[in-house]
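Written out below as structure tokens is the structure these notes cover.
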Amino acid sequence: MVDFDYSVVKHYKFYGLVKKYVGPIFKVLYPVEFKGLENIPKDNKKYIVAINHTCMADPLFASLPKEMPALHFMAKIELFKNPVVGWIIKHLYGFPVNRGKGDSAKAIEYGEKIINEGHVMALCPEGKRIKDKNGVPQKAKSGVAIIAHNTGADVLPVAIYAKGKVKPFKKTKVTFGRMLTNAELGLDKAEVSQDEIHAAAGMVMDNILALWEDAKNAD
């Protein structure tokens, strides 16, 4: 098991090297069509990148554009049990979350630390990869709204679409939507109810679904 220190957000040169040298190879392996790159902030805005969960490489797809800063992302804790895979994910700014367990709060707190220190966090609101249902984005968990409320971050919805499963040498569309402000999500107040949290998470997922459907209809 690869150890992870949740108390400090570290910087790794490995991420920049991978983006510079492996990124172009990845784009050949997975022919990617980007849309909405103008929606990626050019300033040091607080925001979360929310992506539908199609495969393990979702955060990589979202991080490929040169306009996108380094993305710190949640990854299931099982991936950190393999020392090689875990090391790679850790040095690509992935951090472990024990899905469905009480200690997932530790990952949420770390996500808040990432944002409050001026970095960008990515997560998949669905909480798990959608293996069936024709890849249609599904209902969001509450994590994205909880972190957005606690940090005041806005949310950038991103949809990943491919005809069928995302596979090598098949065109994959990555669409960056319009930023959803903290106020639009109803999270810009000191206290919010569980219903408001669920509504905000649902709004994020609705926007991702709309982007996904647009990509599908244009295919």
Looking at [X], I'd like to know if its [atom1] atom is crowded, meaning that more than 12 non-hydrogen atoms belonging to other residues, nucleotides or ligands lie closer than 6.0 Å.
X      : atom1 : result
Lys170 : NZ    : yes
Asn44  : CG    : no
Met56  : CE    : no
Lys46  : NZ    : yes

Which value, rounded to the nearest 0.5 Å, describes the distance between [X] atom [atom1] and [Y] atom [atom2]?
X      : Y      : atom1 : atom2 : answer
Met205 : Cys124 : CE    : SG    : 8.5 Å
Leu92  : Trp87  : CG    : CH2   : 8.5 Å
Leu180 : Asn207 : CG    : CG    : 4.5 Å
Ile77  : Asn98  : CD1   : CG    : 4.5 Å
His11  : Lys13  : NE2   : NZ    : 7.0 Å
His198 : Lys141 : NE2   : NZ    : 10.5 Å

Any side-chain to backbone donor/acceptor pair from [X] onto [Y]? Under 3.5 Å, distance only.
X      : Y      : result
Tyr93  : Tyr12  : yes
Lys90  : Val2   : no
Asp58  : Cys55  : yes
His149 : Ala190 : yes
Lys19  : Ser63  : yes
Asn182 : Ala148 : yes
Glu126 : His53  : yes

Taking all heavy atoms of [X] and all of [Y], pick out the closest pair and write down the distance.
X      : Y      : answer
Ala140 : Ala201 : CB-O, 3.6 Å
Ile197 : Ser142 : CG2-CB, 3.7 Å
Leu156 : Gly177 : CD1-O, 3.2 Å
Val192 : Gly186 : CG1-O, 3.8 Å
Val120 : Pro69  : CG2-CG, 3.6 Å
Pro125 : Ile51  : CD-O, 3.3 Å

Kindly assign one of parallel, tilted or perpendicular to the pair [X] and [Y], based on the angle between their ring planes and the thresholds 30° and 60°.
X     : Y      : value
His91 : Phe14  : perpendicular
His72 : His119 : tilted
Phe4  : Phe80  : perpendicular

**Request:** Could you name each residue pair satisfying salt bridge (Lys or Arg N to Asp or Glu O under 4.0 Å) that touches residues 150-160, not counting sequence neighbours?
**Result:** Lys45-Asp154
**Request:** Can you tell me which residue pairs pass the salt bridge (Lys or Arg N to Asp or Glu O under 4.0 Å) test with a partner in residues 173-191, sequence neighbours excluded?
**Result:** Lys173-Asp219, Arg178-Glu184, Lys189-Glu196
Taking the side chain as everything from C-beta on, heavy atoms only, tell me whether [X] gets closer than 4.5 Å to [Y].
X      : Y      : result
Met121 : Thr151 : no
Met203 : Leu187 : no
Phe176 : Met68  : yes

**Prompt:** Mind checking what makes salt bridge (charged side-chain N to carboxylate O under 4.0 Å, His left out) contact with Lys167, not counting sequence neighbours?
**Reply:** none
**Request:** Start with the C-alpha distance between Thr175 and Tyr161, add both sets of side-chain angles, then the distance that settles side chain to side chain contact (heavy atoms under 4.5 Å, CB included), and finish with yes or no.
**Result:** CA-CA 8 Å; Thr175 308; Tyr161 169 80; over 6 Å; no
**Request:** If you link ILVMFWY side chains whenever their heavy atoms are less than 4.5 Å apart, which other residues fall into the same cluster as Leu211? By chain and number, please.
**Result:** none
**Prompt:** Apart from Tyr21 itself, what residues make up its hydrophobic cluster when side-chain heavy atoms of I, L, V, M, F, W and Y under 4.5 Å apart count as a link, directly or indirectly?
**Reply:** Leu17
**Item:** Cluster overlap Tyr30 with Phe169, hydrophobic side-chain contacts below 4.5 Å
**Value:** yes
**Asked** Does Val84 share a hydrophobic cluster with Leu60, counting links as ILVMFWY side-chain heavy atoms below 4.5 Å and allowing steps through other members?
**Response** yes
**Prompt:** Given Ile147 and Leu123, is the side chain to side chain contact (heavy atoms under 4.5 Å, CB included) satisfied, shown in steps?
**Reply:** CA-CA 11 Å; Ile147 295 172; Leu123 57 73; 4.0 Å; yes
**Message:** According to side chain to side chain contact (heavy atoms under 4.5 Å, CB included), who are the partners of Lys66, at least two apart in sequence or on a separate chain?
**Reply:** none
